Amino acid sequence: MFDLLKRPLCLSALINNEDFMRDNPSRLRPITALIITAILAGCSSQPPQQVIQQPLPTVDTTPRTADQLLVQAERASFPQSAELKITAAEQLLTEQSYRAQNILESIPYDELPSDLQARLSLLRAEIAEHSGQNWEVFHWLDREPVINSTDPGLISRSHILRAKAFNRYGEYLAALDEWLSAMPNLQPEQQEPLYHDFWATLLHTPHERLMSLNAQTRDNNLKGWLELAMIYSPGKALDRQLENLTQWQNHWSDHPARKFLPDNLDSLTAEAVRHPQKIALLLPTSGPLATAGKSVRDGFMAAYYSSNKNSSNKNSSNKNSSNKNSSNKNSSNNNATSSNTGEQSIPEVLFFDTYKADIVQLAEQARDSGAELIVGPLDKSNVIRLKQSPPEGVTILALNYADTGSEDNPTQPAKGPSTDGFYQFGLSTEDEARLAAQRGILDGHRRALIFTSNASWSQRAVESFTNEWKKLEGEVAGISQFDNKTEYSKLAGEALLVNNSQQRARQISRLLRQQIGFEPRRRQDIDMIFMATSPEEARQIKPALAYQYAGNVPAYATSNAYSGQTNRSRDQDLNFLRVPIMPWNAPGKSSSLKQSITGTWPTARGQYGSLFALGADSYNLHPRLQQLRSLSGSRIDGLTGWLSIDDHGRVSRELSWQIFRNGQLTPLPIPVQNTDVLASQSSE
């Protein structure tokens with residue numbers, strides 16, 4: 001029996017063994033259970049095999065591509081499908097932003113949970129920034145899901161986007177608040193790409209705000225930034241500024257802001273104390289430009305006397321203090337210290353009339369008379385000629401801009417003599433036209449209709465606007481020119497193609513042989529209007545545009561469209577017109593220097609006021625020419641704008657944008673999405 005059990009058996013073999021079943025019936029029952037157990041064990045163990053452990057299948061952890069995510073989104077249910085699409089859009093944002101936008105536009109925003117709404121809004125804001133739709137950045141970020149989000153990364157990205165957008169609109173205090181919310185939550189490697197924009201904000205932040213923040217913060221890294229920005233604040237003399245920069249460099253040797261120190265810091269020291277002892281004014285004080293030349297001269301001298309009066313008061317105060325606290329020797333040392341901190345001797349001013357004079361010979365005569373600095377000429381043709389043949393050994397601050405040279409086309413090398421000592425400063429309409437193009441693009445516009453007179457300045461402004469507009473990828477829908485005989489309503493109707501709409505209606509009426517209900521329509525392919533006009537022309541064109549169904553199309557102009565004086569009754573027709581304004585003309589903003597000028601010369605209150613401001617700023621610029629040119633980011637707060645100087649010696653003016661509301665100028669806000677809303681807000 002046990003031998004049998006030792007052999008491999010299967011159930012069928014045992015049952016078929018007839019001899020065994022017949023000869024041993026009584027023995028079968030007691031061992032039935034044992035046999036069955038043995039048989040089953042034998043069957044299950046035959047043939048004996050070794051068990052091999054198979055490894056578990058590996059999990060694919062490779063990140064899914066955007067296309068794979070989109071395929072998966074098609075199979076998923078909402079809102080998981082939306083989340084997959086948003087993740088795909090995040091991957092496509094940098095290199096295929098247009099595709100990312102198409103994906104996001106296919107998602108029903110209002111049906112999303114709040115966390116996905118926040119992610120989608122942030123992506124749309126980033127796409128808006130990439131495509132230059134800066135106003136739309138705020139449109140997407142000013143939403144409750146973004147504002148109430150608890151995601152630290154999303155919150156930081158939101159603050160950064162807003163800070164950059166505020167920078168582009170010149171809202172630097174608002175930008176600073178955003179930076180202060182974002183930067184502490186970022187790692188150093190995340191902060192580094194933002195330094196340039198952050199520094200631009202600090203350079204435009206008022207000195208008082210920097211000081212207050214520096215006193216309050218415990219963030220050592222932020223203190224380094226703030227202390228450097230305070231050194232660049234307007235008003236400091238170059239020698240004192242250079243001394244402070246060297247001290248900062250020694251104290252903050254490892255600070256990331258050191259990249260914004262001038263490369264030529266050591267070589268600038270010798271230039272710091274060089275102030276001209278004689279200044280020559282080359283201006284037309286007779287002939288057709290006499291009034292303009294005298295206005296500049298009087299503004300220059302007003303700033304001259306104001307500066308010297310302030311210096312005298314300081315010296316008197318220092319002297320009194322020295323007499324109380326020191327001996328004559330100490331008093332002498334105190335005067336030397338005053339000289340080192342930027343106080344300078346009073347320069348002598350020479351006057352030369354440029355009317356009918358050879359400008360090159362006149363400049364040489366001024367130099368031979370001892371002038372170390374020439375301010376002028378005012379006429380553009382004289383500026384061009386003097387730039388081509390400048391006298392040696394004298395610095396020139398021209399009061400207009402030449403059209404030739406490397407500063408106008410940096411891609412071409414400069415021709416003729418070096419222009420290191422040649423600076424250009426003026427109230428250029430062309431510059432303001434470029435500003436209008438830049439602001440139009442910032443506000444989200446892409447297709448402009450232009451109105452111009454036949455005046456040469458207007459033609460130059462339109463050319464400048466058009467060049468800048470096209471460079472920024474804007475399109476010009478058309479240019480309409482007018483003169484003093486033009487019927488403005490007809491001009492506007494033709495430019496807006498309203499007459500085409502009326503003509504089509506008449507054709508339909510003739511075909512139907514009956515009058516039809518009809519409301520004329522303007523063309524719909526424009527989203528902004530640019531006007532290079534005088535105040536009188538603007539007061540006629542703007543109402544004509546409204547009459548021809550274009551009252552809600554944003555209109556921009558240069559400051560030539562503003563008379564310089566508030567006249568609410570006359571300027572009602574300019575409502576909603578946007579213009580760049582210098583501080584001299586900004587309502588509600590004045591200075592002691594302006595009050596002194598307008599109180600002395602009544603003509604400064606009218607159309608020549610800006611020339612008085614030009615003269616005053618040219619005096620205040622003259623001791624800081626080298627400083628502003630060498631220290632990138634330095635600027636001064638002038639009557640004609642925030643003034644800075646580029647590498648080519650060209651003075652740039654930063655102006656504030658204003659909009660006419662109820663016949664008077666008010667600051668232009670960051671635009672809302674619907675221009676009708678802006679109009680309704682303006683009329684309140």
Side-chain angles (χ1 to χ4, degrees), residues 276 278-308 347-357 359 362-363 365-366 371 373-387 394-402 422-432 457 559-560 564 582-585 591 593-625 636-641 643 645 649-653 655:
K278 280 189 179 182
I279 301 174
L281 284 181
L282 273 60
L283 297 168
T285 52
S286 61
L289 296 177
T291 303
K294 290 178 180 178
S295 298
V296 174
R297 178 199 65 190
D298 294 341
F300 183 94
M301 295 309 298
Y304 172 87
Y305 288 120
S306 175
S307 175
N308 294 337
E348 179 184 351
V349 181
L350 310 176
F351 302 91
F352 296 86
D353 185 4
T354 60
Y355 179 57
K356 290 187 176 180
I359 195 63
L362 198 65
Q365 181 184 342
L373 170 69
I374 290 175
V375 177
L378 188 61
D379 179 77
K380 193 180 195 72
S381 59
N382 278 339
V383 172
I384 294 174
R385 184 145 186 260
L386 190 58
K387 183 183 177 184
V394 62
T395 300
I396 297 172
L397 175 59
L399 298 182
N400 211 323
Y401 297 100
F422 194 93
Y423 298 85
Q424 300 175 77
F425 173 42
L427 307 180
S428 170
T429 300
E430 293 94 321
D431 283 348
E432 292 189 9
W457 71 265
S559 63
N560 301 79
M582 66 175 69
W584 174 274
N585 288 327
S591 66
L593 180 55
K594 178 182 177 180
Q595 292 172 356
S596 175
I597 292 173
T598 54
T600 306
W601 294 279
T603 53
R605 303 171 193 167
Q607 61 178 329
Y608 289 99
S610 58
L611 292 174
F612 281 87
L614 174 65
D617 278 358
S618 63
Y619 179 81
N620 290 326
L621 267 175
H622 92 268
R624 298 179 175 87
L625 294 174
I636 66 171
D637 187 4
L639 296 175
T640 60
L643 308 178
I645 300 178
R650 186 183 180 97
V651 178
S652 299
R653 295 186 301 133
L655 306 178

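Since we're looking at a predicted model, the values are computed, not measured. Both backbone and side-chain heavy atoms feed into the values below; hydrogens, waters and symmetry mates do not.
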Chemist: Relative to each other, are the rings of Trp601 and Phe612 parallel, tilted or perpendicular (30° and 60° limits)?
Modeler: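 Judged by the thresholds at 30° and 60°, the geometry between Trp601 and Phe612 is tilted.
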Chemist: Counting distance only, does the side-chain N/O of Asp617 pair as donor-acceptor with the main-chain N or O of Leu639 below 3.5 Å?
Modeler: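 Side chain of Asp617 to backbone of Leu639, a donor-acceptor pair under 3.5 Å: yes, one is there.
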Chemist: Do Leu373 and Leu625 make a side-chain contact, defined as non-hydrogen atoms from C-beta onward lying under 4.5 Å apart?
Modeler: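 They are in side-chain contact.
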Chemist: To the nearest 0.5 Å, tell me how far Lys294 NZ sits from Met301 CE.
Modeler: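 Lys294 atom NZ to Met301 atom CE measures 15.5 Å (nearest 0.5 Å).
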Chemist: Between Ser295 (side chain only) and Thr291 (backbone N and O only), is there a donor and an acceptor less than 3.5 Å apart?
Modeler: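 A pair under 3.5 Å: yes.
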Chemist: Using side-chain contact (heavy atoms from CB on, under 4.5 Å), reason through Thr598 and Trp584 one step at a time and then give a plain yes or no.
Modeler: CA-CA 11 Å; Thr598 54; Trp584 174 274; 4.0 Å; yes
Chemist: Any side-chain to backbone donor/acceptor pair from Tyr401 onto Val651? Under 3.5 Å, distance only.
Modeler: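 A pair under 3.5 Å: yes.
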Chemist: Which residues pass the side chain to side chain contact (heavy atoms under 4.5 Å, CB included) test with Glu348, not counting sequence neighbours?
Modeler: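 Per chain and number, Glu348 pairs via side chain to side chain contact (heavy atoms under 4.5 Å, CB included) with Lys278, Leu350.
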Chemist: Of all heavy-atom pairs between Pro583 and Gly641, which one has the smallest distance, and what is that distance?
Modeler: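 Smallest heavy-atom distance, with atoms named: CD-N, 3.3 Å.
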Chemist: Under the side-chain contact (heavy atoms from CB on, under 4.5 Å) rule, what do Phe425 and Ile645 come out as? Steps first, then yes or no, please.
Modeler: CA-CA 9 Å; Phe425 173 42; Ile645 300 178; over 6 Å; no
Chemist: Between the main-chain N or O of Ala302 and the side-chain N or O of Tyr619, is there a donor-acceptor pair closer than 3.5 Å?
Modeler: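 No; zero donor-acceptor contacts below 3.5 Å.
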Chemist: Of all the heavy-atom pairs spanning Thr640 and Ser610, show the shortest one and how long it is.
Modeler: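 That would be CG2-O, 4.5 Å.
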Chemist: The criterion is salt bridge (Lys or Arg N to Asp or Glu O under 4.0 Å); which residues satisfy it with Arg297, sequence neighbours excluded?
Modeler: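 With sequence neighbours excluded, Arg297 shows a salt bridge (Lys or Arg N to Asp or Glu O under 4.0 Å) to no residue whatsoever.
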Chemist: Any idea which heavy atoms bring Arg605 and Gly599 closest together, and the distance?
Modeler: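 So the two residues come closest at NH2-CA, 4.2 Å.
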Chemist: About how many Å separate OG of Ser286 and NZ of Lys356, when rounded to the nearest 0.5 Å?
Modeler: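 Lys356 atom NZ to Ser286 atom OG measures 8.5 Å (nearest 0.5 Å).
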Chemist: Let's go through Leu643 and Arg624 carefully: what are the C-alpha distance in whole Å and the side-chain angles of both, what is the deciding distance for side-chain contact (heavy atoms from CB on, under 4.5 Å) to 0.1 Å, and is it a yes or a no?
Modeler: CA-CA 11 Å; Leu643 308 178; Arg624 298 179 175 87; over 6 Å; no
Chemist: Where do Leu593 and Ala616 come nearest, in terms of heavy atoms and distance?
Modeler: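 Smallest interatomic distance, heavy atoms only, reads CD2-CB, 3.9 Å.
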Chemist: Say you draw a straight line from CH2 of Trp457 to OG1 of Thr429; how long is it, rounded to the nearest 0.5 Å?
Modeler: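 Between Trp457 CH2 and Thr429 OG1, I get 6.0 Å after rounding to 0.5 Å.
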Chemist: Would you give the length of the straight line joining atom CG of Leu399 to atom CG of Asp379, rounded to the nearest 0.5 angstrom?
Modeler: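 One finds 11.5 Å between CG of Leu399 and CG of Asp379.
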Chemist: Measure the CG-CZ distance between Leu281 and Phe300 for me, rounded to the nearest 0.5 Å.
Modeler: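 Answer rounded to 0.5 Å: 4.5 Å.
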Chemist: If you compare all heavy atoms of Gly426 against all heavy atoms of Leu614, which two are closest, and at what distance to 0.1 Å?
Modeler: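 Scanning both residues completely, I find the closest heavy atoms to be CA-CD1, 4.2 Å.
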Chemist: Please report the C-alpha distance between Thr354 and Leu378 in whole Å, then the side-chain angles of each, then the deciding distance to 0.1 Å, and finally whether the side-chain contact (heavy atoms from CB on, under 4.5 Å) criterion is met.
Modeler: CA-CA 9 Å; Thr354 60; Leu378 188 61; over 6 Å; no
Chemist: Quick one: OH on Tyr355 to CG on Leu289, what's the gap to the nearest 0.5 Å?
Modeler: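 Nearest 0.5 Å value for the OH-CG distance: 9.5 Å.
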Chemist: Is it true that Arg650 and Asp431 make a salt bridge, defined as a side-chain N closer than 4.0 Å to a carboxylate O?
Modeler: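 Here Arg650 pairs with Asp431 in a salt bridge, since their nearest N and O are under 4.0 Å apart.
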Chemist: Measure across Val383 and Ala398 and return the closest heavy-atom pair with its distance rounded to 0.1 Å.
Modeler: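 Smallest interatomic distance, heavy atoms only, reads CG1-CB, 3.8 Å.
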